[in-house]
Amino acid sequence: MTETVKPNPLSPEFNASAASTAYRSALEVIGAVEPRIAAAITQELADQRSSLKLIASENYASPAVLLTMGNWFSDKYAEGTVGHRFYAGCQNVDTVEALAAEHARELFGAEYAYVQPHSGIDANLVAFWSVLAARVEAPALVEAGVRNVNDLAENDWTTLRRAFGDQRLLGMSLDVGGHLTHGFRPNISGKMFTHASYGTDPVTGLIDYDVVRAQAKEFKPLILMAGYSAYPRKVNFAKMREIADEVGATLIVDMAHFAGLVAGKVFTGEFNPVPFAHITTTTTHKSLRGPRGGAILAQPEFAEFVDRGCPMVLGGPLSHVMAAKAVAFAEARQPAFATYAQAVADNAVTLAEGLLKRGGKLVTGGTENHLVLLDVTSFGLTGRQAESALVDSGIVTNRNSVPQDPNGAWYSSGVRLGTPALTSRGFGAAEFDRTAELIVDVLTAATPLSAASGGLSKAKYNLPADVAAKTQAAAAEILDANPLYPGLDIS
Ligand code: DSN
């Protein structure tokens, strides 16, 4: 007989009574010093419990992961790497970091893992410096008469870039779902490299690998970057590696968004970046459902350079977070995580179909991962108006550009919807179809305020109060049926 247990992997191993005692005691201790912080922590749980969280980059970590971060590892300095520290007394940090790296290697089938990065940006920076160091540093610096990059004048990016031979990075365009840290000006990666980006096909919205290949041949990048934060499809990393090899580039894949789908074996073969990328970077808190942080997997030739991440690029390792990464990776190695990851992808398809059948327009027409990009221009709204109308109704998303966005990045024309968080609560097909219905109801009822009616910006809108109230009540119903941290009694 088929088992019909809902995929809520947080529940089976979750000892609600022990977690309630732990958190109540912690809040009592915190509240004795600064009660407003204890109150804010309590309120954050209440708020997270009571909203339909569809932010594609967010999730709910298990109490085991969260509790692992609140301890005395926070007090320890441990610059360096396992067995090679700039401080004494790091034996327990060594245990933690070695275990986290071992779990990461096993989880992703990687030969080398580095678990120190504090965030995805940090992980990418370490990866960039590693490629520069491995492939460029020595000859280019010597030729430029620079003995050490630390000798360069502060903020002298032109000098720095010349020293490194003005290297190039080709990454996915921000406009079609790429990430800021893949060579864009507001991020340091855009200052370190001469940058070019590849887009998507204007009709299908998909990456055209022949176009990427042609661009790479023309541009000859040192680094070919793959990965995204708002592209709702799989990427063929085997093809990306082929392109990188053809032009002598190093392939870095930033799998921050979909690491959980790789860990859970939803993305396998050519869609699993780890065997193909020279360096794979990630965050640990998105679909992977760990603590807020980053990690790097690399092929052995880059290991010695990545190992220098701290102090080259990173501050002292956050040992308490590395400990929580070890716990999260251990969780992700359990069969329940694969069930969860598959449910994340299945739920995204349900959400996409629920929106499509109610008249929604989706970038690329659907999804193959954990996110859906809804083009809200068909509702006559900007992304900003849609995001706000949904928040008023208890639905938390984030506005996002769509390809060739007429409203620019600030107001945008889309909302990005992700399934990892609500799937962790136990949402399945019925709940995601209902969620799609609620989203369409709100966006249909919301109207932009034109200049004539007193509104002046692409941010203003009108949403009938009864629609917001009705949606909030309907959302509360499905949220109550799928409680976050069931039995965790904090008030
Ligand atoms: N801020 C993350 C996101 O929302 O996609 C990426 O860094």
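If you read the sequence from its start, that first residue is 1, and numbering goes on from there.
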Item to check | Residue pair V253 / A277: nearest heavy atoms and the distance that separates them | outcome: CG2-CB, 3.6 Å

Checklist entry - For H285, which residues count as a ring-ring contact (aromatic ring centres under 6.0 Å, His included) partner, sequence neighbours excluded? => result none

Checklist entry - Going by an N to O cut-off under 4.0 Å, is there a salt bridge joining R85 and E97? => result yes

Item to check | Residues that Q342 engages under side-chain hydrogen bond (donor to acceptor under 3.5 Å, both in side chains), provided they are two or more places apart | outcome: D346

Item to check | Row check, Y60 ring normal vs K53 NZ/CZ: under 6.0 Å, within 45° | outcome: yes

Item to check | For the student: nearest non-hydrogen atoms of G264 and A341, plus distance | outcome: CA-CB, 3.7 Å

Checklist entry - Any ring pair (Phe, Tyr, Trp, His ring centres under 6.0 Å) pairs touching residues 80-109, not counting sequence neighbours? => result Y77-Y87

Next on the checklist: Check E246 with K217, please: is the shortest side-chain N to carboxylate O separation under 4.0 Å?
Outcome noted: yes

Item to check | Inter- and intrachain pairs under side chain to side chain donor-acceptor pair (under 3.5 Å), touching residues 262-282, at least two apart | outcome: N124-T281, R241-H278

Next on the checklist: Checking T81 against D307 for the side chain to side chain donor-acceptor pair (under 3.5 Å) test, could you report, in this order, the C-alpha distance in whole Å, the side-chain angles of both residues, the deciding distance, and whether it holds?
Outcome noted: CA-CA 7 Å; T81 50; D307 259 347; 4.9 Å; no

Checklist entry - At their closest point, which heavy atom of G260 faces which heavy atom of S287, and how far apart are they? => result N-OG, 2.9 Å

Checklist entry - Quick one: side-chain hydrogen bond (donor to acceptor under 3.5 Å, both in side chains) partners of E387, sequence neighbours excluded? => result R399

Checklist entry - Under 4.0 Å between a Lys/Arg side-chain N and an Asp/Glu carboxylate O for R233 and E368? => result yes

Item to check | Minimal non-hydrogen separation, G316 against C310, with atom names | outcome: CA-SG, 4.2 Å

Checklist outcome for this item: With P232 as partner, the option from L417, V372, L371, L206 fulfilling side-chain contact (heavy atoms from CB on, under 4.5 Å) is L371

Next on the checklist: If the condition is side chain to side chain contact (heavy atoms under 4.5 Å, CB included), which residues does S57 pass it with, not counting sequence neighbours?
Outcome noted: I55, H257, K286, R416

Checklist outcome for this item: Taken in chain and number order and not counting sequence neighbours, the residues that satisfy side chain to side chain contact (heavy atoms under 4.5 Å, CB included) with A409 are S401

Checklist outcome for this item: For H118, the ring-ring contact (aromatic ring centres under 6.0 Å, His included) test, sequence neighbours excluded, returns none

Item to check | side-chain hydrogen bond (donor to acceptor under 3.5 Å, both in side chains) involving Q91 - partner list, sequence neighbours excluded | outcome: none

Item to check | K76 side chain to F73 backbone, donor-acceptor under 3.5 Å | outcome: no

Checklist entry - Rounded to the nearest 0.5 Å, what separation is found between the OG atom of S173 and the CD1 atom of I207? => result 11.0 Å

Checklist entry - Pick from V363, V415, L374: which one makes a side-chain contact (heavy atoms from CB on, under 4.5 Å) with V402? => result V363

Next on the checklist: Taking the basic N atoms (NZ, or NE/NH1/NH2) and the acidic carboxylate oxygens, is any pair closer than 4.0 Å for E431 and R425?
Outcome noted: no

Item to check | ring-ring contact (aromatic ring centres under 6.0 Å, His included) involving Y231 - partner list, sequence neighbours excluded | outcome: Y228

Item to check | Aromatic ring proximity, centroids under 6.0 angstrom, F271 and F237 | outcome: no

Next on the checklist: Using modelled atom types and a 3.5 Å cut-off, is there a donor and acceptor pairing between side-chain atoms of K220 and backbone atoms of V247?
Outcome noted: no

Item to check | Crowding at CZ, R49 (>12 non-hydrogen neighbours, <6.0 Å) | outcome: yes

Checklist entry - Considering the options F193, F302, F305, which one meets the ring pair (Phe, Tyr, Trp, His ring centres under 6.0 Å) requirement together with F128? => result F193

Item to check | Contacts of F219 that satisfy ring-ring contact (aromatic ring centres under 6.0 Å, His included) - sequence neighbours left out | outcome: none

Next on the checklist: Holding to side chain to side chain contact (heavy atoms under 4.5 Å, CB included), I want the full list of residues that pass it with P202, two or more places apart in sequence or in another chain.
Outcome noted: none

